[in-house]
Structure formats: C-alpha cells, structure tokens
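Notes follow the structure.
So that the names make sense, note that chain A is the first sequence line, chain B the second, and so on, each numbered from 1.
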Amino acid sequence: MHSIQFALDDESLTNTTITVAGWVRTFRNDRFIALNDGSTIRNLQCVIDQKEVDAATLARFTTGAAVQCTGELVPSQGSGQRVEMKVTAVEVIGDCPAEKYPIQPKKHSLEFLRENAHLRFRTNTYSAVFRMRHQVSFGIHEYFDTHGYNYFHAPIITASDAEGAGEMFRVSTLDAKQPPLNESGEVDFEEDFFGAESHLTVSGQLQAETAALALGKVYTFGPTFRAENSNTTRHLAEFWMVEPEAAFMDLKGDMDLAEGLCKHLISRVLRNSMDDLQFLDARLAEEEKSKPQDQRSEMGLIDRLKFVLENPFERITYDDAINILLRSKPYQKKKFQFPVEWDVDLQSEHERYLVEKHFKKPVIVTGYPAKIKAFYMRTNAPGDFGYSEKGKTVAAMDVLFPGIGEIIGGSQREERLDVLEARMDEMGVPKGELWWYLDTRRFGTVPHAGFGLGLERFVLFVTGMGNIRDVIPYPRAPKSAEF
RNA sequence: UCCCUGGUAGCUCAGCUGGUUAGAGCACCUGACUGUUAAUCAGGGGGUCGUUGGUUCAAGUCCAACCCGGGGAGCCA
C-alpha cells in the first residue's frame, strides 16, 4: 500500500503497479475516481476501465465511499495532474450511501461543517488545517528540544485555585445532588476525592517554574481549561497551551525566545505544508472577495507568513503604545470606543490599530502597569527595561499578531521573596496555598522568565482561519461539548 | 454576560408594503453521454417556513417570549 502523497510525488513510481486506498471525493463520468487518503490535500485520479467493472459496482463509487485501487501509475492524459492510476483491480471497502452522507462535492459553510465535526476532516479545508496543526505541534517540540528545553508534564488537576488565570472547572466525585456538608453547612470538600476542592488547570506555569529552577529550561505543552463564559472566535473552554520557563533568563531573553519560536513554526509550515498553504491561501482570497474593500487584508496568507518570518517583531513599551495611540488618527477623530489612558489595559481596538494599521507586523508590548497584570510578574525599578515614571510597571510582555491579537503572554518572574510576598498581599493572593511556590524563592532563587502561547491562536494565524473552533478537532465552549 | 444579526428542501439562499397550489442553484433518484477535473444534458421526488403563544377574515411575512447559529465586545492564550 502506498500513500497518495508518495504516489503523486515519487517519480520513480511512474509506470509501476501500486495499491492505494482512500475515500472517494468525486466520481466523474462513470470513470474517474478522485481518491483522497489524507496524506495530502491532492487527490489521485483513478481511471476505471468500464469494461472490467459492472454497473452495480460503479454505483458504489459514491462521494465518501472507502475504496482500494490497484493499478499502474501512468502519465495523465488530462491536464489536472501529472500522473493517474490505470486501475486493474478495485474494491469498495466501505459503502457511503449518497442520499444520507452530509458532505457533498460542493462548498459547505464552516458553520454547517462545525455541526458535522466528526466528518469535517474529510473536507479539503479541515484536512489542511489539521495536517498543519500537526506540523505546528511537532515544530514546538522540535524547537524546544533543539534549544535544550525539557518537556515537562504539569498536572491537569490542581487543588490550588490561586493560579489567577480565570474561572476554573471543578473536579469532583461528590454526589452533586446531595454533597456532604460540614458544620457550617457548606460542601465538605475534605470528603471529596482529593480531600480538597480541586479544579482543572488553567496554567502549568507555577509548576513549570519549580522545574525550571532545577532543570534550567522546561516547557509544558498540554490541554488547559478555562470556565469563562467567553463566546468569541478566539476563546475555548479547553485549549492547548505551550509554556516555556527558563532560569537565568530575563525579559529580553523571553522576547527572543517567543519570536524565535514563532518564526521557527512559520518556517516549518512554509517548508512542510506548502500544498495545504496554497489551498488555504486560495480559500482565504476567495473569502476576502466577499468583504468590503477597506476590510480586506493587503497580503495573502503565504505572503503574510513570509513577511512575518523575514521581519523583526516590533518591540515597544506600554508607554510607547499609549503615546502612539494618543497621536493616532482614530483617537483624534474619537473613533475609539474605549479610552486610552495610563493604567488601563489596551483594548482589542487599540491592539488592532497598533498591529494592523500602525506597525503592520507582530508587536511585542512590554512594561505594563502592575495594576493590570498578574502577581508573579517582576516589579520594575528605575533603569529596568519598561520602567515608567508614570507609575509602577512589571516586566510583562504580550505578543500581538494581526487578526488575532494576543497570541503570547509572558513575563520575567518576580524572584525576590519579599517583593513577591508584598505583591501577593496587595492583590489578595493566598500565600498559604502557594507555600511550595514561595519555597522556590526561599531556596536558591534566580531570575527567570517564561510565557504562554495559545496553540489554537497560532494555528489560526498560519492557516488563515477566522474561528478558533475550526482549528481544534472537537471544540469545547460554553453550551457546546458535543462529540 | 452585553450589543448586532440570522433561523424557509439534505446544503446555500430568494420570497416586496400580510392574500390562492412556497421558489432557485447544488445534492439525491431515473435516463442519456463517455477523457472527466465540484463533468455535462433531460426528467423526477423532496418543505409542520426554529419553537410556543398572540394580532388578523387571512401569517413564511406583523408582535412577544424562548431555543439555536453567526459576528462584535468583555475575560484571556
């Protein structure tokens, strides 16, 4: 058995007899099976000798049917492909009743295919997306491995709710209808499986930090859960996150790492996914046509990826960002819906302006006000990178991408025990629960840094897809966990 | 959660200021054709107009509530 990719690309197979198996995309003229086996977005045209195949069998070559073909690979008479198969033996492995099968050889809406998530892998768009998702995932391991990072498996279940990254899902084996109660009438989680109220992780960062302060460089890569009631094209309740963490690394090193990773992944898909990219590029171009002229993007998908790869990310401070926004046309024409002022987080519209209008490339914003950032971020002092006269800032960095917004959020961590404890008190983070985290600052603490990259957001960028639910196999979101 | 928008055939959509048997393209079925590229041509079947209630002589069309989808915002990755 040969993969169709191999059959199409390996010229030494021409004029030899091989066997392929896959699913029928279309059956034209009672003679041409366009066969796809998922190894590539391209189909192999299998030409049936009608004298050899009876009418009953021909009728079974319906869209979606699983078919195995054996025959000689010969130069194609038609113009759509280099080689085709002159079929000498054909067998239907699995029938696909045409009147019931939802996937037709026509353009389907992404909404419809989302409702048929179990079948959507059989379309060109989704097979391309998921092959690319694999390339990105594998590229993440490749990048960190070659840079000396250890793959670290942070726990999925945690009994601490102090991670500070949002609402969490509870993990429990208690009877939801009749939970045991304690003396004060509240649910007694001491009776629960873990002996304490437990949740699904919202981040493996704190655990990764403990490992980084021994192994030096680690990264986590796994599912992450947020119980936020977010209904957007870039949020999921279950998503995959990459979280590198490195000892003796400062914020500049963190930015270099983030930019290096993004560029590695982009160069990998440009190298390994060109067929899929060309298809998605054309798909996107088609979609852009239906948009009003002023909303169309100037570059196609592949050009955009090359542009990001070849140009340094713009690195600015939060102060710079505010100043640019205050001088911007939309601000002066009062087009922004939200105020631009120091100590207030940048809104989507502000980030989009910076990335899509002003710089027209990925932007890394550093030195955010402490007030709007997490407790573990390192407090800046005069002379520190991103320090501002206007108020207390932290060594945070957000990487903003065109069309998606924040794709990476990271920081240099607060390694000074006294500063960290003061900050936790200030923000009401319970120190008791995080005693183990604080121990890292008690015993041989060192400067260190890391970030979180949303896998799906990155896949969104490299595939040109618009909705995050289209780049994960089975999306989990509020009111939505089918399949 | 808030704002906007939509729900009519398997899919994509049309259906005007309420008015008789609700339409098209694709898909499907039947036949023809046979080097096609989402093949083509002819014919055919297929609808509780998201749900419930209301207004009216009359509702796909107007009103209300609810359910579901899409887009935007917030939260963030």
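- Phosphate contact (OP1/OP2 of B/C75, side-chain N/O of A/Asn229, threshold under 4.0 Å): absent.
- For B/A77, neither phosphate oxygen OP1 nor OP2 lies less than 4.0 angstrom from any side-chain nitrogen or oxygen of A/Thr224.
- B/U1 and B/C57 have their C1' atoms separated by 45 Å, with the value rounded to a whole Å.
- B/U40 sits 12 Å from B/U36 when the P atoms are compared, rounded to a whole Å.
- Nearest to the side-chain atoms of A/Ser76 among the listed nucleotides B/U36, B/A77, B/C29 stands B/U36.
- Taking atom CG on A/Asn467 and atom C1' on B/G69, their separation rounds to 11 Å, with Å as the unit.
- A distance of about 15 Å separates the P atoms of B/U8 and B/C62, rounded to the whole Å.
- Contact between the side-chain N/O atoms of A/Thr26 and the OP1/OP2 oxygens of B/A38 is not found at any separation under 4.0 Å.
- Minimum atom distance to the side chain of A/Thr233 is reached by B/G72, of the listed B/C75, B/G72, B/U1.
- Taking a pair to require two hydrogen-bonding distances under 3.5 Å in either a Watson-Crick or a G-U wobble arrangement, B/G25 pairs with B/C11.
- Within 4.0 Å of A/Glu456, counting heavy atoms only, lies no atom of the nucleic acid at all.
- In the set B/A38, B/C76, B/C75, B/C76 carries the atom at the smallest distance from any side-chain atom of A/Arg457.
- In this entry the distance linking CD of A/Gln50 with C1' of B/C33 reads 11 Å, nearest Å.
- A donor-acceptor contact under 3.5 angstrom links the side-chain atoms of A/Ser230 to the base of B/C75.
- One N or O donor and one acceptor, one from the side chain of A/His235 and one from the base of B/C76, sit under 3.5 Å apart.
- Residue contacts shown for A/Glu84 include a base, since a base heavy atom lies under 4.0 Å away.
- Spacing between B/A58 and B/C67 at atom P, rounded to whole Å, works out to 30 Å.
- When rounded to the nearest whole Å, the span between CD of A/Glu167 and C1' of B/A77 equals 16 Å.
- If you check every strand for non-hydrogen atoms under 4.0 Å, A/Glu99 touches sugar and phosphate atoms only.
- For a distance-only test at 3.5 Å, the side chain of A/Arg31 fails to qualify as a donor-acceptor partner of the base of B/C33.
- Between A/Tyr151 and A/Tyr219, the distance separating the two ring centers is shorter than 6.0 angstrom.
- Within 6.0 Å of the CD atom in A/Glu11, the count of heavy atoms belonging to other residues, nucleotides or ligands does not exceed 12.
- In this structure, CE of A/Met465 is placed 13 Å from P of B/G70, rounded to the nearest angstrom.
- Once the 5.5 Å centre distance and the 30° plane angle are applied, the aromatic ring of A/Phe32 is found not to be stacked with the base of B/G35.
- Contact annotation for A/Gly409: backbone-only contact, meaning every heavy-atom pair under 4.0 Å involves sugar-phosphate atoms and none involves a base.
- A straight line from CZ of A/Arg476 to C1' of B/A77 spans 19 Å, rounded to a whole angstrom.
- The ring of A/Phe338 has its center no closer than 6.0 angstrom to the ring center of A/His350.
- Among the atoms of the strands shown, none is found under 4.0 Å from any heavy atom of A/Asn43.
- Contact between the side-chain N/O atoms of A/Ser348 and the OP1/OP2 oxygens of B/G74 is found at a separation under 4.0 Å.
- Looking at A/Asn29, its side chain has no donor and acceptor atom pair within 3.5 Å of the base of B/U40.
- Nucleic acid contact for A/Arg25: none, since no nucleic acid atom lies under 4.0 Å from a heavy atom of the residue.
- To the nearest 0.5 Å, the span separating CG on A/Asn36 from CZ on A/Arg42 amounts to 10.5 Å.
- For the pair A/Asn36 CG and B/A38 C1', the interatomic distance rounds to 14 Å; values are reported in whole Å.
- One can place CD of A/Glu115 at 9 Å from P of B/C11, the figure rounded to the nearest angstrom.
- Contacts of A/Thr232 with the nucleic acid, taken as non-hydrogen atoms under 4.0 Å apart, include base atoms.
- When the shell of 6.0 Å around NZ of A/Lys263 is examined, it contains more than 12 heavy atoms from other residues, nucleotides or ligands.
- Contact check for A/Thr379 versus A/Glu414: side-chain heavy atoms found under the 4.5 Å cut-off.
- A donor N or O paired with an acceptor N or O is not found under 3.5 Å between the base of B/G70 and the side-chain atoms of A/Glu111.
- Following rounding to the nearest Å, A/Phe112 (CZ) and B/C68 (P) show an atom-to-atom distance of 20 Å.
- Rounded to a whole angstrom, the distance from the C1' atom of B/G23 to that of B/A64 is 30 Å.
- For A/Gln104 against B/G10, a side-chain-to-base donor-acceptor contact under 3.5 Å is present.
- Taking side-chain N and O atoms only, A/Arg28 has no distance below 4.0 Å to OP1 or OP2 of B/U36.
- Rounded to a whole angstrom, the distance from the C1' atom of B/A42 to that of B/U51 is 41 Å.
- As the counterpart of B/A64, B/U52 is assigned, both hydrogen-bonding distances of the Watson-Crick or G-U wobble pattern falling under 3.5 Å.
- Among the atoms of the strands shown, none is found under 4.0 Å from any heavy atom of A/Glu349.
- Here, B/G60 and B/G31 have their P atoms 38 Å apart, quoted to the whole Å.
- A/Leu455 comes within 4.0 angstrom of nothing in the nucleic acid, heavy atoms only.
- For B/G15 and B/G7, the C1' atoms lie 15 Å apart once the distance is rounded to whole Å.
- Nearest to the side-chain atoms of A/Gln45 among the listed nucleotides B/G25, B/G70, B/U37 stands B/U37.
- Considering only heavy atoms from C-beta on, A/Ser127 stays 4.5 Å or farther from A/Phe121 through its side chain.
- Counting non-hydrogen atoms under 4.0 angstrom, A/Phe338 reaches the backbone sugars and phosphates but no base.
- We find that A/Arg133 and A/Asp276 are not joined by a salt bridge, their nearest charged nitrogen and carboxylate oxygen being 4.0 Å or further apart.
- For A/Asp319 and A/Thr317, the side-chain atoms include no donor-acceptor pair closer than 3.5 Å.
- Across every strand in view, B/U36 sits unpaired, with no contact that passes the Watson-Crick or G-U test at under 3.5 angstrom.
- In this model, the phosphate group of B/A73 is approached by a side-chain N or O of A/Arg234 to a distance below 4.0 Å at OP1 or OP2.
- Base pairing analysis places B/G69 opposite B/U5; the two distances defining the Watson-Crick or G-U wobble pair are each below 3.5 Å.
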Take A/Gln205 and A/Tyr376 through the side-chain hydrogen bond (donor to acceptor under 3.5 Å, both in side chains) test and state the conclusion after the steps. CA-CA 10 Å; A/Gln205 180 199 316; A/Tyr376 48 73; 3.3 Å; yes

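- Contact annotation: A/Gln347 reaches the phosphate of B/G74 (side-chain N/O to OP1 or OP2, under 4.0 Å).
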